[in-house]
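Down below is the structure, laid out as structure tokens.
Positions are given from 1, in the same order as the sequence printed here.
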Amino acid sequence: STLALRKLALVQQKRAEAAALEPTPELQAAEHFLATGACAASLSALFGPRVVPPLARLLGEEGAWLEDYERNVDVRIPAKVSTARDALFIVLGFAAQQGLTAAFEDASWAVACGIISAVGAGTYSLGRPRRISREEFDRRLLLTKDFAEFSSRRLRRSGSTRAARIYKSFRKEFPRWQSVPDRTLRTLVVEWYGGPPPVQPGGVLRGVSIVRAADPFADSI
């Protein structure tokens, strides 16, 4: 009948509309690729620096570069290690994409979750302490060594003294550190003391004193 034909046509039309809304294989492949990339990028931003040392030891790529890397020095990672790291996160990103797609039953949701996590991980990585150059590392090491020598001879964990006096005495004995800011020297004092010493009004450190230099011309304070 005419009514039956109309119902059949309506059903076929709805099926055609539903089929048109379904993603094509090409679109699905693109969504899977984007989700895998976004998940891999977020995982790499979060855990990339941590996996380099164990991967390097596993691959037998240990050396001076690895010691510097673990000291937060900016060094060139060997190609074998960087390739293994990237491959690891691609595999993990693919696994994460598969899990998200299965959980949401829609690859587009996996793409959205991957992008959101990548943005969050990227923001987190920006707060990570930056790697320093080899020259800056050597300079910090020399400063620490000079202050250790100074503190072993001149500082005592008793009495009290002004923080400015410590800084002035150190700079006088080691003129090459004239440009080092007070906050850097305060950090060294805190490390030597084992924590922040009590501070009295006027910048006086309680529980810290400075003894006069053996050479009377070394310090005229």
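Taking all atoms of both residues into account, the shortest heavy-atom contact from Ala79 to Ser82 is O-OG, 3.0 Å. Of all the heavy atoms in Leu43 and Phe89, the pair that sits closest is O-CE2, 3.4 Å. Smallest separation of non-hydrogen atoms from Glu61 and Pro78: OE1-CB, 4.0 Å. Summarising the geometry of Ser125 relative to Ala45, their closest heavy-atom pair is CB-O, 3.9 Å, with the distance given to 0.1 Å. Between Pro197 and Arg206, the closest heavy-atom pair is CB-O, 4.1 Å. Taking every heavy atom of both residues into account, Ser42 and Ala121 meet most closely at O-CB, 3.4 Å.
The structure places CD1 of Ile210 at 12.5 Å from OG of Ser160, a figure rounded to the nearest 0.5 Å. Atom CG of residue Leu34 and atom CD1 of residue Ile115 lie 6.5 Å apart, to the nearest 0.5 angstrom. The structure places OG of Ser108 at 11.5 Å from CG of Leu100, a figure rounded to the nearest 0.5 Å. For the atom pair CD1 of Ile166 and CG of Asp182, the computed distance is 11.0 Å after rounding to the nearest 0.5 Å. Annotation: the span from Tyr167 atom OH to Arg183 atom CZ amounts to 11.5 Å, rounded to 0.5 Å. Atoms CD and CZ, on Glu173 and Arg154 in that order, are 4.5 Å from each other to the nearest 0.5 Å.
Both Leu142 and Val189 sit in one connected hydrophobic cluster of ILVMFWY residues. Membership requires side-chain heavy atoms under 4.5 Å apart, directly or through other members. Side-chain heavy atoms closer than 4.5 Å link hydrophobic residues (I, L, V, M, F, W, Y) into clusters, and following such links, even through other members, never connects Ile90 to Leu46. Side-chain heavy atoms closer than 4.5 Å link hydrophobic residues (I, L, V, M, F, W, Y) into clusters, and following such links, even through other members, never connects Phe33 to Val91. No single ILVMFWY cluster, assembled from side-chain heavy atoms under 4.5 Å apart, contains both Phe94 and Leu92. Tyr124 and Phe47 end up in the same hydrophobic cluster when Ile, Leu, Val, Met, Phe, Trp and Tyr side chains are linked at under 4.5 Å.
The aromatic rings of Trp109 and Phe104 lie parallel to each other, their planes meeting at an angle below 30°, with 60° marking the opposite boundary.
Annotation: side chain of Leu143 is in contact with side chain of Leu188 (closest heavy-atom distance under 4.5 Å). Inter-residue side-chain proximity for Asp146 and Arg176 is flagged as met; some heavy-atom pair is nearer than 4.5 Å. Side-chain atoms of Glu149 and Phe174, non-hydrogen and from C-beta on, do get closer than 4.5 Å to each other. Side-chain contact between Phe147 and Ser152 is absent, with no heavy-atom pair separated by less than 4.5 Å.
Ion pairing of Arg50 with Glu70 is absent here, as no side-chain N (NZ or NE/NH1/NH2) approaches a carboxylate O to less than 4.0 Å.
Environment of CH2 in Trp177: crowded, with over 12 heavy atoms of neighbouring residues, nucleotides or ligands closer than 6.0 Å.
With hydrogens and angles ignored, the 3.5 Å screen pairs no side-chain donor or acceptor of Ser44 with any backbone N or O of Ala41. In this structure, the side chain of Ser117 engages the main chain of Cys113 through a donor-acceptor pair within 3.5 Å.
Checked options Arg186, Arg162, Arg165; the residue passing with Leu205 is Arg186 (criterion: side-chain contact (heavy atoms from CB on, under 4.5 Å)).
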Open item on the list: side chain to side chain donor-acceptor pair (under 3.5 Å) for Gln97 and Thr101? Distances and angles first, verdict last.
Closed with: CA-CA 6 Å; Gln97 174 269 128; Thr101 301; 3.0 Å; yes
Task: Stepwise side chain to side chain contact (heavy atoms under 4.5 Å, CB included) check, Ser151 with Phe170 - done: CA-CA 9 Å; Ser151 61; Phe170 175 73; over 6 Å; no
Indicate every side-chain donor-acceptor pair of residues 130-140 with a distance under 3.5 Å to a residue at least two apart or in another chain.
from, atom 1, to, atom 2, distance (Å)
Arg130, NH2, Glu136, OE1, 3.3
Arg130, NH2, Glu136, OE2, 3.4
Arg131, NH1, Tyr69, O, 2.8
Arg131, NH1, Val73, O, 3.4
Arg131, NH2, Tyr69, OH, 3.4
Ser133, OG, Glu136, N, 3.2
Arg134, NE, Asp138, OD1, 3.3
Arg134, NH1, Asp68, OD1, 2.3
Arg134, NH1, Asp68, OD2, 2.8
Arg134, NH2, Asp138, OD1, 3.3
Glu136, OE2, Arg140, NH2, 2.8

